[in-house]
Amino acid sequence: QVQLVESGGGSVQAGGSLRLSCAASGVTYRNYCMGWFRQSPGKEREGVAALKVAGERTAYADTVKGRFTISQDTAKKTLYLQMNSLKPEDSAMYYCAADSSPWRCMSDSWRAGLDYWGKGTLVTISS
């Protein structure tokens, strides 16, 4: 059974930083495509960043390029999202997601969503 547990959300002022973590269990971690998504009230879900575990290929939404970095610790089966220069528009519920098809990270198809989801962690950025 795949479980994804996010942590690290919170409230910070604009310009600040946060690091989100996602602990994965029940996955053959090295074969997965992992991603971070976010959704705020009244807005569509947005694919923020994705990482193909084997090979560490990464992809980002244009809205976060240069500010956010997705990374992993394969030994701990943990995915991270380092978020710098945060803006009020980054406020959202952030979700970790995983897919057993690593090819999903090789194209833009990951942006539509992945198979497994965590419950989310809330990020609030004040101006």
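The model shown is predicted, which means the values in this text are computed figures rather than measured ones.
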### Message
Please say yes or no: joined through hydrophobic side-chain contacts below 4.5 Å, possibly via intermediate residues, are Leu81 and Trp110 part of one cluster?
### Response
no
By side-chain contact (heavy atoms from CB on, under 4.5 Å), Ser101 pairs with (sequence neighbours left out) Asp99, Trp103, Arg104
Applied to residues 75-115, the disulfide bond (SG atoms under 2.5 Å apart) test, sequence neighbours excluded, yields Cys22-Cys96, Cys33-Cys105
Could you go through Tyr32 and Leu79, starting from their C-alpha distance and side-chain angles, then the distance that decides it, and tell me whether this counts as side-chain contact (heavy atoms from CB on, under 4.5 Å)? CA-CA 11 Å; Tyr32 273 61; Leu79 185 74; over 6 Å; no
Residues passing the salt bridge (charged side-chain N to carboxylate O under 4.0 Å, His left out) test with Asp108, sequence neighbours excluded, are Arg111
Identify all side-chain donor-acceptor contacts of residues 11-19 below 3.5 Å with residues at least two apart in sequence or on another chain.
residue : atom : partner : partner atom : Å
Ser17   : OG   : Asn84   : OD1          : 2.9

Expected list for residues 117-127: side-chain donor-acceptor pairs under 3.5 angstrom, two or more places apart:
residue : atom : partner : partner atom : Å
Trp117  : NE1  : Leu114  : O            : 2.8
Thr121  : OG1  : Gly9    : N            : 3.1

For this session: Answer with yes or no whether the hydrophobic clustering places Val27 together with Leu20; edges join I, L, V, M, F, W, Y residues whose side-chain heavy atoms lie under 4.5 Å apart.
Result: yes
Note to self: Check Lys87 with Asp90, please: is the shortest side-chain N to carboxylate O separation under 4.0 Å?
What the structure shows: no
Residue set satisfying side-chain contact (heavy atoms from CB on, under 4.5 Å) with Thr58, at least two apart, ordered chain then number -> Leu51, Tyr60, Ile70
- Task: Without swapping roles, check the side chain of Arg57 against the backbone of Lys52 for a donor-acceptor pair under 3.5 Å.
- Result: no
Hits for side-chain contact (heavy atoms from CB on, under 4.5 Å) against Ser25, two or more places apart or cross-chain, chain-then-number order -> Gln3
- Message: Quick one: does any side-chain atom of Trp36 pair with a main-chain N or O of Tyr80 as donor and acceptor, under 3.5 Å?
- Response: yes
So disulfide bond (SG atoms under 2.5 Å apart) across residues 45-92, not counting sequence neighbours, yields none
If hydrophobic clusters are built by linking Ile, Leu, Val, Met, Phe, Trp and Tyr wherever their side-chain heavy atoms come under 4.5 Å apart, do Val64 and Met34 end up in the same one?
yes
dist Gln39:CD -> Tyr95:OH (nearest 0.5 Å) comes out at 6.0 Å
In short, salt bridge (charged side-chain N to carboxylate O under 4.0 Å, His left out) pairs touching residues 68-86 with sequence neighbours left out are none
Tabulate below the donor-acceptor pairs under 3.5 Å that side-chain atoms of residues 40-50 make, not counting sequence neighbours, or state none.
residue : atom : partner : partner atom : Å
Arg45   : NH2  : Ala112  : O            : 2.8
Glu46   : OE1  : Arg38   : NE           : 2.7
Glu46   : OE1  : Arg38   : NH2          : 3.0
Glu46   : OE2  : Thr63   : OG1          : 2.7

Members sharing Val5's hydrophobic cluster, built from side-chain contacts under 4.5 Å between Ile, Leu, Val, Met, Phe, Trp and Tyr, are none
